[in-house]
Amino acid sequence: MNDFCWPLAGLLLAVSVSTQAADPLAVYGKGGTNPAAMACTSCHGTEGEGLAAAGFPRLAGLSAVYLKKQLADFASAERVNPIMQPIAAALSAEEADAVTAMLASKPQPPVERISRAALAEEPGAVLALRGAWERNIPECVACHGPSGVGVGDTFPPLVGQSAQYLSAQLLAWQQGTRKNDPNDLMGHIARSLSQDEIKAVSAYFANLTEAGAGQ
Ligand code: HEC
Ligand code: HEC
């Protein structure tokens with residue numbers, strides 16, 4: 001090897017060592033190496049529980065694959081949000097991997113599993129458990145699981161989120177600022193809901209836990 005290569009080899013080694021060392025707690029609590037990747041804790045809470053009153057979502061216990069997809073969607077503007085877009089774009093891939101794996105390992109809030117056959121009287125419960133098939137709206141629990149606990153890496157939990165956050169997402173799909181869902185599954189559903197239905201179904205899932213109801 002000639003003399004020229006040695007510093008380069010050293011540099012490559014230093015880069016690979018530093019990229020492997022993304023510490024999830026440091027990223028979460030202090031932010032990424034790029035100062036634009038602000039600390040998550042100030043908005044998403046010390047344990048990733050979110051801040052219901054401000055509409056900042058819960059991240060704890062969500063699938064790492066789902067969380068990483070959202071960060072990528074913010075970065076590519078398929079999901080438009082003025083707060084999260086610059087943060088997601090500033091996180092390195094290693095930092096995003098580390099912080100999402102750490103968040104996914106945290107517990108979800110406990111919730112009673114409500115059967116689809118349960119009595120559904122008010123409009124939120126009817127949409128959640130029965131849907132509105134005459135308008136091609138499947139019941140939410142068909143994809144999001146019983147009580148909206150989430151299913152696998154594709155269908156995020158609705159329970160544990162605040163009504164404010166849930167309705168903001170449904171409105172974002174209606175307005176086309178969130179268009180990151182596979183096959184327009186959620187876009188179609190959100191556009192078929194009235195404003196009152198959005199309020200009712202968001203309140204239904206939020207009120208299944210204390211965390212979502214936000215005190
Ligand atoms: C200044 C406040 C703020 C900070 C700091 C912040 N976030 Fe967010 N985050 C938000 C808001 C607001 C939303 C909801 C955006 C929307 O409505 O689309 C959000 C949404 C998200 C989502 C989507 C959750 C879901 O259920 O789809 C992820 C993932 C996320 N943030 C990760 C992070 C990570 C990781 C960090 C730290 C590197 C971070 N956020 C820092 C405010 C913040
Ligand atoms: C056919 C399957 C399907 C059905 C039925 C469905 N969803 Fe979804 N929903 C999804 C998928 C897939 C996503 C994740 C999209 C993505 O990748 O960002 C999602 C995401 C969401 C989110 C965003 C959660 C977050 O953390 O940001 C909300 C809110 C939501 N759905 C509400 C509802 C409501 C309310 C209903 C019932 C009226 C419903 N969904 C029915 C497939 C479905």
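Atoms within a ligand are numbered from 1 in the order they appear, just like the ligands themselves.
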Dump the intermediate steps for side chain to side chain contact (heavy atoms under 4.5 Å, CB included) on Q70 and N180, then the final yes or no.
CA-CA 8 Å; Q70 300 310 308; N180 63 336; 2.9 Å; yes
Given the rule in the salt bridge (Lys or Arg N to Asp or Glu O under 4.0 Å) test, do D153 and K68 qualify, once you have shown the distances and angles that lead to the verdict?
CA-CA 10 Å; D153 293 331; K68 254 178 67 177; over 6 Å; no
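Considering both main-chain and side-chain atoms, Y165 comes within under 3.5 Å of ligand 2 through a nitrogen or oxygen pair. Looking at Q169 next to ligand 1, an N or O pair under 3.5 Å apart turns up. Taking only nitrogen or oxygen atoms, main chain and side chain alike, E139 does not reach within less than 3.5 Å of ligand 2. Of the N or O atoms in R58, none lie within a sub-3.5 Å distance of an N or O in ligand 1.
Of all atoms in ligand 1, listed by their number and element, those nearer than 4.0 Å to a heavy atom of Y66 are 25 (C), 26 (O), 27 (O). Shown in contact with L62 at under 4.0 Å from a heavy atom are these atoms of ligand 1, numbered in order with element: 26 (O). Short contacts between ligand 2 and V201, defined as distances under 4.0 Å to a heavy atom of the residue, involve ligand atoms 35 (C). The contact set between ligand 2 and P138, taken as ligand atoms under 4.0 Å from a residue heavy atom, comprises 5 (C). Listed by number with element, the atoms of ligand 1 under 4.0 angstrom from any heavy atom of L67 are 29 (C). Using a 4.0 Å cut-off to heavy atoms of L166, the atoms of ligand 2 that qualify are 29 (C).
Summary of contacts: the protein heavy atom closest to atom 23 (C) of ligand 2 is R178 NH1, 3.6 Å. Of the protein's non-hydrogen atoms, R79 NH2, 3.0 Å is the one closest to atom 18 (O) of ligand 1. Scanning the protein for heavy atoms near atom 17 (O) of ligand 2, the closest one is K69 NZ, 2.7 Å.
Between T46 and T41, the closest heavy-atom pair is CA-OG1, 3.5 Å. Across R178 and W173, no two heavy atoms sit closer than the pair O-CD1, 2.6 Å. Of all the heavy atoms in A75 and A88, the pair that sits closest is N-CB, 4.1 Å. Scanning both residues, T154 and Y66, for their nearest heavy atoms gives O-CD1, 4.5 Å. Looking at every heavy atom in both residues, Q161 comes nearest to R58 through OE1-N, 2.7 Å. Pairing each heavy atom of A90 with each of A37, the nearest pair is CB-N, 3.5 Å.
Crowding of K199 atom NZ: a count of heavy atoms from other residues, nucleotides or ligands under 6.0 Å not exceeding 12.
The CZ atom of R135 lies 7.0 Å from the CG atom of L127; values are rounded to the nearest 0.5 Å. Remark: D97 CG to L71 CG distance equals 10.0 Å, nearest 0.5 Å. Note: I198 CD1 to I189 CD1 = 11.5 Å, rounded to the nearest 0.5 Å.
In this structure, E95 contributes its side chain and A22 its backbone to no donor-acceptor pair below 3.5 Å. In this structure, K106 contributes its side chain and E49 its backbone to no donor-acceptor pair below 3.5 Å. Side chain of N81 to backbone of F74: no donor-acceptor contact under 3.5 angstrom is found. A donor-acceptor pair under 3.5 Å is formed between the side chain of R130 and the backbone N or O of R116. Side-chain N or O atoms of S63 include one that pairs as donor or acceptor with a backbone N or O of V65 at under 3.5 Å.
Residue contacts with ligand 1 include A39, since one or more of its heavy atoms lies under 4.0 Å from the ligand.
The shortest side-chain heavy-atom distance between S202 and L170 falls under the 4.5 Å cut-off.
Of the heavy atoms in W173, only side-chain atoms (C-beta onward) come closer than 4.0 Å to ligand 2. Counting heavy atoms under 4.0 Å from ligand 1, residue T100 does not touch it at all. Contact annotation for Y28 and ligand 1: no heavy atom of the residue comes within less than 4.0 Å of the ligand. Under 4.0 Å from ligand 2, the heavy atoms of Q70 that appear belong solely to its side chain. Residue contacts with ligand 1, taken as heavy atom pairs separated by less than 4.0 Å, do not involve A172 at all.
Shown here are the protein N/O/S atoms lying under 2.8 Å from atom 8 (Fe) of ligand 1, water excluded: H44 NE2, M84 SD. Around atom 8 (Fe) of ligand 2, the protein contributes the following N, O or S atoms at distances under 2.8 Å: H144 NE2, M186 SD.
A salt bridge between K30 and D23 is absent, with no side-chain N of the basic residue lying under 4.0 Å from a carboxylate O of the acidic one.
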